[in-house]
Amino acid sequence: MTDRVVVVAGAVYDEGRLLAARRSAPADLAGRWELPGGKLEPGESPEQALVRELREELGIETEPVDRVPGEWPLRAGYVLQVWTVRLLSGEPRPLQDHDALRWLAPGELDAVDWLDQDVPAVAACARHR
Ligand code: DCM
């Protein structure tokens with residue numbers, strides 16, 4: 001079996017609200033919302049990759065808390081895993097890859113147009129809480 005590329009995404013919570021990020025690129029994903037994150041670099045653990053991606057993309061310092069059960073296929077060879085993340089410091093800003101951010105209260109989780117693959121991931125996050 002060939003290696004799969006793991007994409008890690010963070011369910012960043014602050015005061016019970018979940019952070020959603022709107023992608024600005026690539027064109028086929030732009031305008032859709034996601035749990036922010038990205039691909040593991042060689043030698044990184046998922047937790048290390050997540051802390052790095054959230055720092056680069058949003059300018060925040062975070063602490064991975066636990067893995068949300070489940071795994072969601074992206075395009076061929078890629079798989080999405082999600083960690084619950086605590087916000088330690090910083091106010092998230094869309095520094096790269098995103099052009100808008102929203103904090104969603106528990107009753108607002110379907111208020112944004114999530115990427116197809118993030119829909120089941122967000123549902124799993126809600127169950128996991
Ligand atoms: N991706 C996704 N859902 C997420 C995060 C990422 O579907 N919550 C996808 C979008 C890209 C790939 O993973 O195709 C890699 O993400 P990035 O471009 O942010 O490194």
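Both ligands and their constituent atoms are indexed starting at 1 by order of listing. All values below come from the heavy atoms of this structure, side chains included, with hydrogens, waters and symmetry mates left out.
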Shortest protein heavy-atom distance from atom 3 (N) of ligand 1, along with the residue and atom involved: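 Scanning the protein heavy atoms, the shortest distance from atom 3 (N) of ligand 1 goes to Asp118 OD1, 2.7 Å.
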Considering non-hydrogen atoms only, spot the tightest contact between Tyr13 and Cys125 and give its length.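 Minimum heavy-atom separation between Tyr13 and Cys125: OH-CB, 3.7 Å.
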Do Val82 and His128 have side-chain heavy atoms sitting under 4.5 Å apart?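 Answer no - side chains too far apart.
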Are any of the side-chain nitrogens in Arg32 or Asp116 under 4.0 Å away from the carboxylate oxygens of its partner?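 A salt bridge links Arg32 with Asp116.
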Between Ile60 and Leu50, is there a shared hydrophobic cluster once you connect ILVMFWY residues whose side-chain heavy atoms come closer than 4.5 Å?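 Yes.
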Quick one: are Glu34 and Leu29 in side-chain contact, heavy atoms under 4.5 Å?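 SC-SC contact between Glu34 and Leu29 ruled out.
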Please confirm whether Glu53 comes under 4.0 Å of ligand 1, counting heavy atoms of the residue only.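 Judged by the 4.0 Å heavy-atom criterion, Glu53 does not count as contacting ligand 1.
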Gly37 heavy atoms, cut-off 4.0 Å: which ligand 1 atoms fall inside?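 Counting atoms of ligand 1 from 1, those under 4.0 Å from Gly37 are 19 (O).
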Any atoms of ligand 1 less than 4.0 Å from a non-hydrogen atom of Lys39? List them with their elements.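 Answer for ligand 1: 15 (C), 20 (O).
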For the student: nearest non-hydrogen atoms of Leu95 and Gly59, plus distance: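 Looking at all heavy atoms of both residues, the shortest contact is CD1-N, 3.5 Å.
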Please tell me if the side chains of Leu58 and Leu19 come closer than 4.5 Å, counting only heavy atoms from C-beta onward.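 A side-chain contact exists here, since the closest heavy-atom pair is under 4.5 Å.
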Identify, by atom number and element, the atoms of ligand 1 in contact range of Leu115, meaning under 4.0 Å from any of its heavy atoms.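 Going through ligand 1 atom by atom, the ones under 4.0 Å from Leu115 are 2 (C), 3 (N), 7 (O).
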Residue and atom name of the nearest protein heavy atom (relative to atom 5 (C) of ligand 1), distance in Å to one decimal: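 It is Glu34 OE1, 3.2 Å.
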Enumerate the atoms of ligand 1 whose separation from the nearest heavy atom of Gly38 is less than 4.0 angstrom.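 Heavy-atom distances to Gly38 below 4.0 Å select 20 (O).
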Can you list the atoms of ligand 1 that are under 4.0 Å from a heavy atom of Ala9?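 The atoms of ligand 1 under 4.0 Å from a heavy atom of Ala9 are 8 (N).
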At what distance is the nearest protein heavy atom to atom 14 (O) of ligand 1, and which residue and atom is it?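 So the nearest neighbour among protein heavy atoms is Arg75 NH1, 2.8 Å.
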Heavy atoms only: which of Val8, Leu74, Leu40 lies closest to atom 9 (C) of ligand 1?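 Minimum heavy-atom distance to atom 9 (C) of ligand 1 goes to Leu74.
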Tell me whether Leu35 has any N or O atom under 3.5 angstrom from an N or O of ligand 1.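 Yes, at least one N or O pair falls under 3.5 Å.
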Heavy-atom contacts with Gln117 under 4.0 Å: which atoms of ligand 1 show up? List them by number with element.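 Reading through ligand 1 atom by atom, the close ones are 2 (C), 7 (O).
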Just going by heavy-atom distances, which of Arg23, Arg32, Gln81, Gln96 is nearest to atom 17 (P) of ligand 1?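 Of the listed residues, Arg23 has the closest heavy atom.
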Student check: side-chain heavy atoms of Val12 and Trp103 closer than 4.5 Å: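 Yes, side chains in contact.
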Minimum heavy-atom separation for His98 and Pro36, please, with both atom names.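 The pair with the smallest heavy-atom distance is CE1-CB, 4.1 Å.
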